[in-house]
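Here is the structure we will look at, set down as structure tokens.
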Number of protein chains: 2
Amino acid sequence: MRYPSFDHFFITLGNKQRVKMLQLLNNEGPKSVSSIAKALNAEQSAVSHSLQQLLQCHFVAVKQDGKERIYSINEDTVAPLFRQIRKHVEKYCIEGCEHSWGSKKEVSYGHKRQTA
Amino acid sequence: MRYPSFDHFFITLGNKQRVKMLQLLNNEGPKSVSSIAKALNAEQSAVSHSLQQLLQCHFVAVKQDGKERIYSINEDTVAPLFRQIRKHVEKYCIEGCEHSWGSKKEVSYGHKRQTA
DNA sequence: ACCTCATATGAACATACTATCATATGAAAG
DNA sequence: CTTTCATATGATAGTATGTTCATATGAGGT
């Protein structure tokens, strides 16, 4: 593997499971591995693997709590990043976009692309 | 054509080639398919395939110009998005990169169970 | 020390993705 | 309407990626 590069950050975000995990942590706050797994109906090991990738990119942070390890989202940079993506999605995503980001307006139909 | 889902936007960004294309268009302005291919040392068809995906997510737009098709980046949302990611990268990649790999603890553990 | 719960890790497998090739479509020019 | 240049599209081979299974490691309790 390589050190996280500019591309790496995007690549790490380019996966449903990992995005869902970030969404979950973003919406519901810090969680343990097993409770993430339960919430997403996923295997513990799969969740753990994904979390390692998110850790490498510093999208999340961990802290130990007894036997559990509590993962939390990086508020400083990830939240704004998501806000930016959501902005794009809200503008261009047509229909059937099942997005469960924190805040959201109604999805409007039709492109709002401005012509050059 | 399928409408992009929320995840699609991330997934589309999760590819070096496509990110490079966006960076190119972002830095050097609108370009034709063949000139993108040349700039990135890539095959014409590969570039075209990638452009279709970027189009679907409205990360780029096209306009016909004679025989050529000129692709341009979506300034409104993509540029800010990149700025946001770069901010994160600058904060966590430079120092954090090496660290995230080197920081794996290599503690010797007390007990080792043997394989059954 | 042992046991148990919680998490991490490695390897193997299944799947998804990209790059490539061949070819089709489209646009201008003669 | 044929040719040529530019781009798009479909099929597919090759590769990367995620998922799963088995098991190791860690922490806390008894």
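A, B, ... follow the sequence lines: proteins, then strands. Residue 1 opens every chain.
- Listed by residue number, the members of residues 31-48 of chain A with any heavy atom below 4.0 angstrom from DNA chain D are A/E43, A/S45, A/A46.
- Across the protein-nucleic acid pair, B/K16 atom NZ and D/dT17 atom C1' stand 14 Å apart, rounded to whole Å.
- Between B/Q17 atom CD and D/dT15 atom P there is a gap of 17 Å when expressed in whole angstrom units.
- For the pair B/N15 and C/dC17, the criterion of a side-chain N or O lying under 4.0 Å from OP1 or OP2 is not met.
- Distances shorter than 4.0 Å separate some side-chain N or O of A/R18 from OP1 or OP2 on D/dG18.
- Scanning for side chain to side chain contact (heavy atoms under 4.5 Å, CB included) contacts around B/L81 gives A/L81, A/Q84, A/I85, B/L13, with sequence neighbours left out.
- In this structure, CD1 of B/I11 is placed 12 Å from C1' of D/dG18, rounded to the nearest angstrom.
- The interatomic distance linking A/I70 (CD1) with C/dC5 (C1') rounds to 14 Å, in whole Å.
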Report each atom pair, protein N/O against N/O of nucleotides 11-13 of chain C, whose distance is under 3.5 angstrom.
none

Atom pairs, protein N/O to nucleotides 24-30 of chain C N/O, distance under 3.5 Å:
residue	atom	partner	partner atom	Å
C/dA27	O3'	B/G66	O	3.4

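- Not counting sequence neighbours, the partners of B/K31 by the side chain to side chain contact (heavy atoms under 4.5 Å, CB included) test are B/L24, B/L25, B/E28, B/S35, B/I36.
- Summarising the geometry, the separation between CZ on A/R69 and C1' on D/dT25 is reported as 11 Å, rounded to the nearest angstrom.
- Using modelled atom types, no side-chain atom of A/S48 and backbone atom of A/Q44 make a donor-acceptor pair closer than 3.5 Å.
- Taking B/I11 as the reference, A/K16, B/D7 meet the side chain to side chain contact (heavy atoms under 4.5 Å, CB included) condition, with sequence neighbours excluded.
- Partners of A/Y71 by ring pair (Phe, Tyr, Trp, His ring centres under 6.0 Å), not counting sequence neighbours: none found.
- Residues passing the side chain to side chain donor-acceptor pair (under 3.5 Å) test with B/S34 are B/S32, sequence neighbours excluded.
- A distance-only check finds a donor-acceptor pair linking the side chain of A/Q64 to the backbone of A/G66 [under 3.5 Å].
- If you measure from atom CD of A/Q53 to atom P of C/dG10, you get 13 Å, rounded to the nearest angstrom.
- Note: OH (B/Y71) to C1' (D/dT7) measures 8 Å, nearest angstrom.
- A donor-acceptor contact shorter than 3.5 Å is absent between the side chain of B/H88 and the backbone of A/F59.
- Grouping the Ile, Leu, Val, Met, Phe, Trp and Tyr side chains by contacts below 4.5 angstrom, directly or via other members, places B/V62 with B/L51.
- Looking at residues two or more places apart in sequence or on another chain, you find a side chain to side chain contact (heavy atoms under 4.5 Å, CB included) between B/A79 and B/N26, B/R83.
- Listed by first and then second residue, the ring pair (Phe, Tyr, Trp, His ring centres under 6.0 Å) pairs that reach into residues 15-55 of chain A come to none, sequence neighbours excluded.
- Atom CG in B/L13 sits roughly 12 Å away from atom P in C/dT18 (whole-Å rounding).
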